[in-house]
Each structure stands twice: as C-alpha cells, then as structure tokens.
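Chain letters run A, B, ... following the sequence lines, proteins first, then strands; residues in each count from 1.
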Protein chains: 2
Amino acid sequence: MDTNDRPYSQILARLRDAGLRPTRQRLALGRLLFEAGDRHVTAESLHEQAVSAGASVSLATVYNTLHQFTKAGLLREVVVDSARTYFDTNTSDHHHFFHEEDGSLSDISGHAIEVTGLPEAPAGTDVARVDIVVRVRSSR
Amino acid sequence: MDTNDRPYSQILARLRDAGLRPTRQRLALGRLLFEAGDRHVTAESLHEQAVSAGASVSLATVYNTLHQFTKAGLLREVVVDSARTYFDTNTSDHHHFFHEEDGSLSDISGHAIEVTGLPEAPAGTDVARVDIVVRVRSSR
DNA sequence: ATTCTCTTTAGAAGAATTATAAACTATTGA
DNA sequence: TCAATAGTTTATAATTCTTCTAAAGAGAAT
Ligand SMILES: [Mn+2]
Ligand SMILES: [Mn+2]
Ligand SMILES: [Zn+2]
Ligand SMILES: [Zn+2]
C-alpha cells in the first residue's frame with residue numbers, strides 16, 4: 001500500500017485489459033516500458049535494459065511481448081530505419097525526429113502539425129495513417 | 001543511330017558522370033531503372049526483373065549497383081517498411097503513398113505539400129530531410 | 001598485348017526477426 | 001489444496017534481407 005504499488009497495479013490492469021497473463025516477464029518489461037514516460041525501444045535495446053536491470057527474460061520473449069503489447073494497443077511501431085523495428089510507448093497521434101547518427105527518436109506532437117496539399121488516397125484505398133519523419137543530423 | 005541509341009547513350013552518360021564503368025551489368029540495370037519512368041524497386045524485385053529480361057547479373061551486383069547509383073545521386077532510398085529497402089528513381093523532392101498490403105509505392109509531388117507546425121530541429125541538429133508516408137489500405 | 005584497376009560473383013557471414021517444440025507457470029475448478 | 005488445462009517462456013533452429021570476402025573476370029590505359 002505504499003506509493004510503489006501504484007505502478008505495478010497500473011501495469012497489472014493493462015495486462016488484464018489486454019487479456020494477457022501478468023507473468024514475471026511481462027510485468028518486468030511493462031514496468032520498464034511504461035513507468036518512465038514516453039520511450040522508443042528496439043527489441044535488442046529493451047532486452048539489454050531488462051537483463052542489466054536483473055530481469056531474466058529471453059530475447060524471444062521480448063519480441064513476443066512487444067508484438068503482443070502492440071496488438072493490444074499499448075505500443076505502436078515506428079518505421080524510420082530499414083534495419084530495425086522501433087516500438088513506441090506513445091500511442092497518441094504524433095510524429096518523429098530521427099537522429100540518423102545514433103538511431104534515437106524524439107516525439108513531435110501531432111496537434112500542432114498540419115499537412116496541406118496531400119492528394120486523395122488512390123482509388124480503392126483508405127488512409128490508415130500519415131507518418132512524418134524529420135531526419136536530423138548533428139550540425140558540424 | 002536509330003531511336004534505340006538514345007536511352008543507351010543517356011545511361012552511358014550517367015555512368016560516366018558518376019565515374020562508374022559502363023559494364024554490361026550496370027547498363028542492363030540502368031536501362032531497367034531509368035528507361036521506364038519513375039520506379040520504386042527493391043534489390044530482389046530488380047534482380048528478378050533483370051533475370052527474367054535475360055540479363056545475367058547476380059543479386060550481390062544488384063545490391064552493389066543500387067548503392068553506387070544512390071551514392072551518385074541517381075537513386076534515393078525510401079524507408080517505409082522495416083523489412084526491406086526500397087530504391088526510388090525519382091530523386092526530386094517528393095513523398096509517398098505506401099500500400100501496406102502489396103508493398104507498392106506511389107509518388108506524391110513535393111510541390112503542393114506544406115507542413116505547418118513543425119518544431120525546430122533539436123538543439124545541435126540540422127534537418128536533413130522531411131519524409132511523409134501516407135499508409136493506405138484497400139477499402140473494404 | 002600487357003598491365004593495372006575496377007567489377008562481378010559464388011558463397012560465407014552477419015544481423016534482425018520468426019518459428020518450433022519442449023519445459024514451465026498461471027489459472028481454474030474440483 | 002491440487003490436479004488439469006491453457007497460456008507462456010525459452011533454447012535453438014530457421015528464415016530473410018543484406019553485406020562481406022576473395023578469387024575470377026573485364027574495362028581502360030599504355
Ligand atoms: Mn514485426
Ligand atoms: Mn542499405
Ligand atoms: Zn514517438
Ligand atoms: Zn518516389
């Protein structure tokens with residue numbers, strides 16, 4: 001009943017709502033993902049963090065969990081690099097700065113953004129999403 | 001001196017300007033890429049097309065050539081799918097519709113597009129490019 | 001022609017991701 | 001409580017895309 005119970009129970013509730021059993025692994029990954037504000041992770045980076053935080057979880061489970069969380073709407077995928085998949089804990093409408101040099105992402109709120117001049121979607125198709133990626137590099 | 005000489009010599013000139021020897025393989029790939037209007041290819045798709053057009057070229061050479069052409073400014077990469085790399089013969093400022101179902105791309109001219117509300121690039125960085133991907137799906 | 005440099009290629013290797021199937025664990029309900 | 005059940009984890013193999021290696025081949029220069 002101390003203040004540390006809240007995060008746990010929030011994550012428990014998220015797992016419950018998603019129909020996922022609150023296993024040791026999912027709780028550990030859920031805490032890493034959702035207790036620290038918005039995050040952009042790859043399977044490898046989250047696995048490393050979990051292991052170095054003392055959680056015993058396999059890379060296969062990290063992949064499974066990221067995909068399950070994504071299907072449950074707790075995460076979304078961000079495509080910015082054809083070499084690896086990023087997962088984003090911010091599921092609201094937003095866009096990204098992508099640092100090509102170190103592979104890091106930062107959010108651009110979707111509220112202020114407006115795109116004008118887009119043609120209609122090709123005949124027979126509907127727009128699923130509009131993604132904007134601003135690729136940046138260190139100046140000098 | 002017939003009309004078929006023009007495309008060849010255009011591609012020869014492009015290779016020459018890029019400092020690339022006009023080998024049988026580069027000419028064949030260059031013709032497939034540049035004689036048919038704007039194209040979006042993957043290494044695999046271009047290799048298949050080359051082979052079925054009777055050109056004898058290895059997949060490794062297709063990868064090499066796509067990267068060399070990109071470095072020379074004849075192609076650009078488009079990141080829309082974390083599973084494979086697309087190369088685009090349209091090197092002008094433009095954006096894309098991406099059909100997630102069949103992996104096809106189509107161009108959105110950059111001229112008409114305007115994005116408002118973008119924050120400044122993070123401190124110490126410069127914008128290298130802004131990419132807009134409109135993900136579409138078949139309606140119904 | 002000879003030589004030099006660049007290019008191609010088969011095959012190995014690398015990296016990210018997914019599949020398999022056996023061991024494990026949470027949940028259920030006797 | 002305690003099986004029985006269904007869901008989960010994981011080591012390991014497999015897959016896919018891409019890059020590397022090093023030897024053979026081909027264009028360019030002399
Ligand atoms: Mn995936
Ligand atoms: Mn590449
Ligand atoms: Zn984000
Ligand atoms: Zn294009």
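- For A:Ser139 (side chain) and B:Gly124 (main-chain N/O), a donor-acceptor pair under 3.5 Å exists by modelled atom type.
- Look at B:Gln25 and you'll find a side-chain N or O under 4.0 angstrom from OP1 or OP2 of C:dT9.
- Contact annotation: A:Tyr63 side-chain N/O to C:dT17 OP1/OP2 distance is under 4.0 Å.
- With a 6.0 Å cutoff to the six-membered ring centre and a 45° limit on the axis angle, A:Arg14 counts as a cation-pi contact of A:Phe34.
- Summarising the geometry, the separation between CD on A:Gln68 and C1' on D:dT9 is reported as 10 Å, rounded to the nearest angstrom.
- If you measure from atom NZ of A:Lys71 to atom C1' of D:dT8, you get 14 Å, rounded to the nearest angstrom.
- Considering only side-chain N and O atoms, B:His67 lies under 4.0 angstrom from the phosphate OP1 or OP2 of D:dT19.
- Between B:Glu48 atom CD and D:dT16 atom C1' there is a gap of 14 Å when expressed in whole angstrom units.
- Under the 4.5 Å side-chain criterion, counting only non-hydrogen atoms from C-beta, B:Gln25 is not in contact with B:Thr65.
- In the set C:dA10, D:dA11, D:dT18, D:dT18 carries the atom at the smallest distance from any side-chain atom of B:Ala43.
- Taking NE2 of A:His96 as the start and OG of A:Ser104 as the end, the distance is 11.0 Å to the nearest 0.5 Å.
- The distance from atom CG of B:Leu59 to atom P of C:dG14 is 19 Å, rounded to the nearest whole Å.
- Distance from the side chain of A:Ala60 is smallest for D:dT10 among the nucleotides D:dT8, D:dT10, D:dG27.
- B:Arg84 comes within 4.0 angstrom of sugar-phosphate atoms only, judged by non-hydrogen atoms across all strands, and of no base.
- C:dC24 atom P lies 17 Å from atom CZ of A:Arg21, rounded to whole Å.
- Residue A:Ser56 has its side chain nearest to D:dT10 when only D:dT10, C:dT9, C:dC6 are considered.
- Rounded to a whole Å, the CG atom of A:Asn64 is 14 Å from the C1' atom of C:dA21.
- Of the inter-residue distances, the one linking B:Leu66 atom CG with B:Thr85 atom OG1 reads 9.5 Å to the nearest 0.5 angstrom.
- Straight-line distance from the CG atom of A:Leu15 to the P atom of C:dT27: 11 Å, rounded to whole Å.
- Between A:Arg26 and D:dT8 there is a side-chain polar atom (N or O) within less than 4.0 angstrom of OP1 or OP2.
- The side chain of B:Arg24 places no N or O atom within less than 4.0 Å of a non-bridging phosphate oxygen (OP1 or OP2) of C:dT8.
- Nucleic acid contact class of A:Thr61 (heavy atoms, under 4.0 Å, all strands): base.
- Relative to the side chain of A:Thr85, the nucleotides C:dT17, C:dT27, C:dT8 differ in distance, and C:dT17 lies closest.
- Between the P atom of D:dC17 and the CG atom of B:Leu46 lies a distance of 15 Å, rounded to the nearest Å.
- Phosphate proximity of D:dT9 to A:Thr23: present, with a side-chain N or O under 4.0 Å from OP1 or OP2.
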